[in-house]
Enquirer: 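Take a look at the following structure, please.
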Protein chains: 2
Amino acid sequence: MPPRIAGTADECMVEAATEVLGGKWKLVILRHLQGGTRRFGELHRVIPGVTPRMLTRQLRELEADGLIRRRVYAEVPPKVEYSVTEIGASLEKIIDGLEAWGLWYREQVTTAP
Amino acid sequence: MPPRIAGTADECMVEAATEVLGGKWKLVILRHLQGGTRRFGELHRVIPGVTPRMLTRQLRELEADGLIRRRVYAEVPPKVEYSVTEIGASLEKIIDGLEAWGLWYREQVTTAP
DNA sequence: CAGTATCCATGCCGATACTG
DNA sequence: CAGTATCGGCATGGATACTG
């Protein structure tokens with residue numbers, strides 16, 4: 001599957017990053033997958049507010065962009081596991097940084113006058 | 001001016017970050033302002049593809065969220081300068097990381113089969 | 001369990017033209 | 001120079017119901 005991003009001719013590489021990470025739930029999904037392999041239902045349960053439809057869409061895009069891997073087990077009941085690829089794993093530090101910043105930012109704007 | 005984000009009751013702080021940084025041009029703007037104070041026209045010239053309307057909107061939101069400062073000089077012709085606040089400056093490392101990752105990612109997806 | 005299908009709303013964002 | 005005004009498209013994402 002070819003990655004969705006292939007021909008953006010910008011010089012600013014933050015755009016490449018935001019294009020891949022731009023979905024509403026993508027960073028949250030990635031964050032949970034950093035903790036290890038998760039099943040569809042686990043993700044659905046642990047991410048409050050996401051609908052199956054959106055979860056599926058975002059997972060498929062992350063897969064198309066090479067950030068996560070999808071493994072289907074031919075069982076009944078069905079079982080599908082998601083995990084980060086090497087590329088997805090390479091985002092761990094950045095996501096950690098974003099989360100830490102988000103926490104700090106919340107403190108700033110809530111405590112400061 | 002109160003920050004737009006004040007009552008998101010999530011436990012996942014990446015959401016706080018994405019809400020503040022979620023605009024299409026915000027990270028690019030921030031990236032350029034990390035280099036120092038810039039005027040509206042400078043930003044407009046250095047960010048390809050952005051319309052005055054969008055640039056204004058994103059700048060105002062960044063200002064409302066406390067990431068940048070807007071200084072108006074009572075001169076003619078008009079002169080407005082934008083610069084990062086301390087909060088905005090605190091994102092420098094993260095934005096650098098995103099840019100580096102974007103560059104690396106592009107290499108991965110273009111060179112790998 | 002792990003999704004699809006369908007419909008629908010919002011709002012994000014672009015293009016263009018105009019102004020203090 | 002640094003914006004506003006107005007119009008409008010279309011992607012993003014939500015709600016609900018259904019299925020292999």
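Chain letters run A, B, ... following the sequence lines, proteins first and then strands; every chain starts at 1. Computed from a prediction, not measured in an experiment: that's the story for all the values here. Basis for what follows: all heavy atoms, side chains included, without hydrogens, waters or symmetry-related copies.
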Enquirer: Counting only side-chain N and O atoms of A/Gln58, is one of them less than 4.0 Å from OP1 or OP2 of D/dG13?
Expert: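 Yes, A/Gln58 has a side-chain N/O under 4.0 Å of OP1/OP2 on D/dG13.
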Enquirer: At under 4.0 Å between heavy atoms, what does B/Arg70 touch on the DNA or RNA strands: base, sugar-phosphate, or nothing?
Expert: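 Sugar-phosphate only.
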Enquirer: Could you check which nucleotide pairs with D/dT6 in any of the strands shown, counting Watson-Crick or G-U wobble with both distances under 3.5 Å?
Expert: C/dA15
Enquirer: Between B/Tyr105 and B/Trp101, how do the two ring planes meet: parallel, tilted or perpendicular, split at 30° and 60°?
Expert: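 Rings of B/Tyr105 and B/Trp101: parallel, under 30°.
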Enquirer: Phosphate oxygens OP1/OP2 of D/dG3: is one of them under 4.0 Å from a side-chain N or O of B/Tyr82?
Expert: yes
Enquirer: Would you kindly check whether a donor in the side chain of B/Arg53 faces an acceptor in the base of C/dG14, or vice versa, at under 3.5 angstrom?
Expert: yes
Enquirer: So what does A/Glu75 hit on the nucleic acid, given a heavy-atom distance under 4.0 Å: a base, only sugar-phosphate, or nothing?
Expert: nothing
Enquirer: Is there a side-chain contact between B/Arg57 and the phosphate of C/dC13, meaning an N or O under 4.0 Å from OP1 or OP2?
Expert: no
Enquirer: D/dG3 C1' sits how many Å from B/His44 NE2, rounded?
Expert: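 Result: 11 Å.
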Enquirer: Whole Å only: how far is the CE atom of A/Met54 from the C1' atom of C/dA2?
Expert: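 Rounding to the nearest Å, CE of A/Met54 and C1' of C/dA2 are 16 Å apart.
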Enquirer: Can you check the B/Lys24 NZ to D/dT12 P distance for me, whole Å?
Expert: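 B/Lys24 atom NZ is separated from D/dT12 atom P by 10 Å.
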Enquirer: Return whichever of A/Thr56 or A/Pro77 has its heavy-atom-nearest nucleotide of DNA chain C closer to the 5' end.
Expert: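 So the residue in question is A/Pro77.
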Enquirer: Let me know the distance between CZ of B/Arg38 and P of D/dG3, rounded to the nearest Å.
Expert: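 Nearest whole value for this atom pair: 16 Å.
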